[in-house]
Protein chains: 2
Amino acid sequence: MVTIREISKKANVSIATVSKVLNGKPGVSKFTADHVLSIARELNYRPNLNARSLKKGQSQTLGIITEDLTVFNTPDIIDGIDVYCESQGYHYILSNLRLNKRYGNHPDDIDIKECTKLINSLTDTLLSKQVNGIIYIGCHSHAVVPTKYSNEIPFVYAYCYSTNPKIPSVMYDDQKAAFEVTQLLINKGHTHIGVIAGLRESIHTTNRILGYQEALYTNNIPYNPRLTLYGNWERDEGYYLSEELIKAGVTAIFAHNDLMAIGVIDYCNKHGIQVGKDLSLFGFDNREISAYCHPTLSTVSLPLFEIGQHATRLMLDILAGHNIEGGLKIMLPCSIIERESTGLPVSKEKNKSEESHETRS
Amino acid sequence: MVTIREISKKANVSIATVSKVLNGKPGVSKFTADHVLSIARELNYRPNLNARSLKKGQSQTLGIITEDLTVFNTPDIIDGIDVYCESQGYHYILSNLRLNKRYGNHPDDIDIKECTKLINSLTDTLLSKQVNGIIYIGCHSHAVVPTKYSNEIPFVYAYCYSTNPKIPSVMYDDQKAAFEVTQLLINKGHTHIGVIAGLRESIHTTNRILGYQEALYTNNIPYNPRLTLYGNWERDEGYYLSEELIKAGVTAIFAHNDLMAIGVIDYCNKHGIQVGKDLSLFGFDNREISAYCHPTLSTVSLPLFEIGQHATRLMLDILAGHNIEGGLKIMLPCSIIERESTGLPVSKEKNKSEESHETRS
DNA sequence: AGAAAAAAGTTAAACGTTTAACTTTTTTAA
DNA sequence: TTAAAAAAGTTAAACGTTTAACTTTTTTCT
């Protein structure tokens, strides 16, 4: 390892001078600076960031705790964090809870006590590594486990509704998205719109139903609670619940995620109901599958990358002591993607390849 | 920040004693140790890992460079690394190239020069952070950009064929998987098996064709080059190429990824050909979509998690100076997943939900 | 030319650890 | 009862930086 000491020897200056040059600090002549720089380059010098952060008491590093890295939302959020960090000269360290692997994906299966312990231990490690702040990326609908460290180090929650009003969070706007989906269906002439909701206890479910009701209300359509059925986010549930809705006479279904919407498509295909013609269908999440099923599925695209970026901006603002613009709870809008399942003319779907994600094997 | 100095003051011992206690080193009485430990706990002491690694010249940290975090294979590989690192008391730092975001997913679009620069800069940063080794996670079929740092720090390549024989790599066995797929189709009585291959220049394509040919040869079936068509890994290509193969009289198609296989399904559905009955179909990759399409798609599941684990084991073995068991190039087997598209009785598919990934929105 | 001011450069301590070398205390054994 | 051995504990230097305080050199101004 080449150190500034070696550079200073070779350049015949003190290590302080080398340090100044390397950090672009004043108090050294251009001649000397060039000389030092050229030697540093020649020796292939690389600063020891650990030593620097030790001395400065500032690591320029954020910690990221992910509830589960392999869940579809997480990588894009990290991508957003990555880009923003890079632009600001920040680094980050990842820590992964592997919640789904440990407990499966039903909120009731989670052992909160064990989970809290786990989070605390990850947080401890991050603090040991001198991170300046921690971004917590959720993946579940269950309420986030509260942290006891929130006054030791700044926290920002991403992709989850934080229960602690003092902890900032960045989330997408479930209610607004649901409102827009419903409004769109109403604009197409639907008045009997069924909902295949998520788990009853999920805050996503609650907010999406609120948005749905709001749109009905705005358009003077009475809310019929029998047209809102609760599912478990799985495909099969979409399959079975669609039968009930269709028998109740709905002309459109808003499923709270793409997987349940696929179930609806399966049911319809089996029973000769043409989705996109006899029935309009919306999903939620814009999973890859929604672009490949038949008919292709209209859905809601989540601003994952933006959530990552905003969470990071928020964190860096907090660390810099800025007063936080836009408040502590940021809600980002989703975008609505119309495809064949809501009767989009097929021609418009020609260039759907632009929406496909990674395709290489 | 609580330091060992504060503990030593409060406990009335030297900092050396505190250090010994905290590290479980000998030369301190049980009485003193307990005393120190209780004070450390009381003060909520957390070691400064940066300071420790500075002194020890050993960070217990690996660097990970991902070509693209948002590509389907990457998160599971990281999961494997995470688990293995955790079990060995190692940490890791992630660095993301965002190759797809920068260049799209066609190998020819990559600016190798710029890309090399990028990798070098990420590697530089990792070295500055004193990582002990770097695991490189590929995602593309193009050859991996060689690194100039391979004699400064140990590298292990994961999910890519390294061209440098001195750099260890962990990969899944394309050829063996293709052999097994083909053998399975032959066992079902097929002799005219078409291939919708990946890009001609991809090493995956080459190896999968080799496995296919090997199986034909083993079973005394002549190889007909006209039944192997090259695609571009995209769905549409699967759609168009299937026409040619079906006209040539194949009774089974082996597509080199699930996306192109979906294209085949689409073609067949449109032309009244029953996949799983009139035609047997295999994909590759076990993307989520393969479990949700109609009919469900037989495919090859990649040992992603295991690749991560093995890469990490390999790296830690190298760092520990062990002689590497299993050699420097590790090939892990894939597993074959049979579903409806190869004529599996529908009953067997009842509990397919166990295969679904994350389903929560 | 010479004093004052500005610029260039150096010294040394510090960040929080670990650890080799040392000293003091306790235990063992004849 | 002692001397030797073992155990317990301390001192001080080091890891690679940064930076406040200082000294030396150069420039500016009269």
Side-chain angles (χ1 to χ4, degrees), chain A residues 1-37 39-40 43-61 89 91 124-132 152, chain B residues 1-37 39-40 43-61 89 91 124-132 152:
Chain A
M1 267 255 29
V2 183
T3 69
I4 56 170
R5 186 155 281 112
E6 291 175 52
I7 298 176
S8 83
K9 276 215 188 89
K10 197 148 188 190
N12 255 314
V13 293
S14 70
I15 59 165
T17 302
V18 176
S19 176
K20 280 182 201 165
V21 171
L22 261 22
N23 291 286
K25 295 248 164 110
V28 32
S29 68
K30 187 165 182 332
F31 179 83
T32 313
D34 286 349
H35 184 213
V36 167
L37 242 28
I39 287 180
L43 295 181
N44 200 7
Y45 169 77
R46 255 188 307 268
N48 182 325
L49 258 29
N50 286 347
R52 175 180 293 170
S53 101
L54 173 60
K55 186 66 189 63
K56 296 234 249 185
Q58 227 285 76
S59 63
Q60 296 267 101
T61 299
H91 307 281
D124 254 334
T125 306
L126 288 176
L127 286 169
S128 270
K129 294 186 173 189
Q130 313 301 111
V131 300
N132 300 136
E152 278 203 65
Chain B
M1 269 256 27
V2 183
T3 68
I4 56 171
R5 187 155 281 112
E6 291 174 52
I7 298 176
S8 81
K9 277 218 186 86
K10 197 146 187 191
N12 256 314
V13 294
S14 71
I15 59 165
T17 302
V18 176
S19 177
K20 279 183 202 165
V21 171
L22 261 22
N23 290 287
K25 295 248 164 108
V28 30
S29 68
K30 185 164 184 335
F31 178 83
T32 314
D34 287 349
H35 184 213
V36 167
L37 240 30
I39 287 180
L43 294 180
N44 199 7
Y45 169 77
R46 256 188 305 268
N48 182 326
L49 257 30
N50 286 347
R52 176 180 293 171
S53 102
L54 173 60
K55 187 64 191 61
K56 296 233 247 183
Q58 227 285 74
S59 62
Q60 296 266 101
T61 299
H91 308 281
D124 254 335
T125 306
L126 289 176
L127 286 170
S128 270
K129 293 185 172 188
Q130 313 301 112
V131 300
N132 300 135
E152 280 203 63

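Values in this document were obtained by computation on a predicted structure and should not be read as measured data. We name chains A, B, ... by the order of the sequence lines, and we start the count at 1 in each one.
With A:Ser128 contributing its side chain and B:Leu49 its backbone, the two residues share no donor-acceptor pair below 3.5 Å.
The CZ-P distance, from B:Arg52 to D:dG16, rounds to 18 Å in whole Å. Rounded to an integer number of Å, the gap from B:Asn23 CG to C:dT17 C1' is 9 Å. Taking atom NZ of residue B:Lys20 and atom P of nucleotide D:dA7, one finds them 13 Å apart after rounding to whole Å. Summarising the geometry, the separation between CG on A:Leu22 and C1' on D:dT17 is reported as 11 Å, rounded to the nearest angstrom. What separates CG of A:Leu49 from P of D:dC15 is a distance of 19 Å, to the nearest Å. Spacing between atom CG of A:Leu54 and atom C1' of C:dT18 amounts to 13 Å, rounded to whole angstrom units. Rounded to an integer number of Å, the gap from CD1 of A:Ile4 to C1' of D:dT19 is 11 Å. In this structure, CZ of B:Arg5 is placed 9 Å from P of C:dT17, rounded to the nearest angstrom.
The side chain of A:Ala16 has C:dT11 as its nearest neighbour among D:dT17, D:dA12, C:dT11. Distances were taken from every side-chain heavy atom of B:Ser29 (C-beta onward) to each of D:dG9, C:dG16, D:dT18; the shortest belongs to D:dG9.
Taking for each of A:Lys56 and B:Lys30 the nucleotide of DNA chain D with the nearest heavy atom, the 5'-most of the two is the partner of B:Lys30. Summary of the strand contacts: B:Ser14 and B:Lys55 both lie near DNA chain D, and taking for each the nucleotide with the nearest heavy atom, the more 5' one is attributed to B:Ser14.
Neither OP1 nor OP2 of C:dA8 sits under 4.0 Å from any side-chain N or O of A:Thr32. Under 4.0 angstrom from either OP1 or OP2 of D:dG9 there lies no side-chain N or O belonging to B:Thr17. Look at B:Lys25 and you'll find a side-chain N or O under 4.0 angstrom from OP1 or OP2 of C:dT19.
Proximity of B:Asn23 to B:Ser19: side-chain heavy atoms (C-beta onward) are separated by under 4.5 Å at one or more points. Between A:Met1 and B:Gln130 the shortest side-chain heavy-atom distance falls below 4.5 Å. Inter-residue side-chain proximity for A:Leu54 and B:Asn48 is flagged as met; some heavy-atom pair is nearer than 4.5 Å.
The residue A:Tyr45 sits close only to the backbone: its heavy atoms come under 4.0 Å of sugar-phosphate atoms, none of a base. Among the atoms of the strands shown, none is found under 4.0 Å from any heavy atom of A:Ser53. Note on A:Thr3: only backbone sugar-phosphate atoms sit closer than 4.0 angstrom, heavy atoms only; bases stay farther off. At the heavy-atom level, A:Gly27 lies under 4.0 Å from base atoms of the strands shown. Within 4.0 Å (heavy atoms only), A:Pro47 reaches sugar-phosphate atoms of the nucleic acid but no base atom.
When all heavy atoms of A:Val28 and A:Thr17 are compared, the closest pair comes out as CG2-CG2, 4.2 Å. Here the shortest heavy-atom pairing between B:Glu152 and B:Leu127 reads OE1-CD1, 4.3 Å.
Using N1 to N3 plus N6-O4 or O6-N4 for Watson-Crick, or N1-O2 and O6-N3 for G-U wobble, each under 3.5 Å, D:dC22 pairs with C:dG9. Pairing for D:dG16 is with C:dC15, a Watson-Crick or G-U wobble pair whose two hydrogen-bonding atom distances lie under 3.5 Å.
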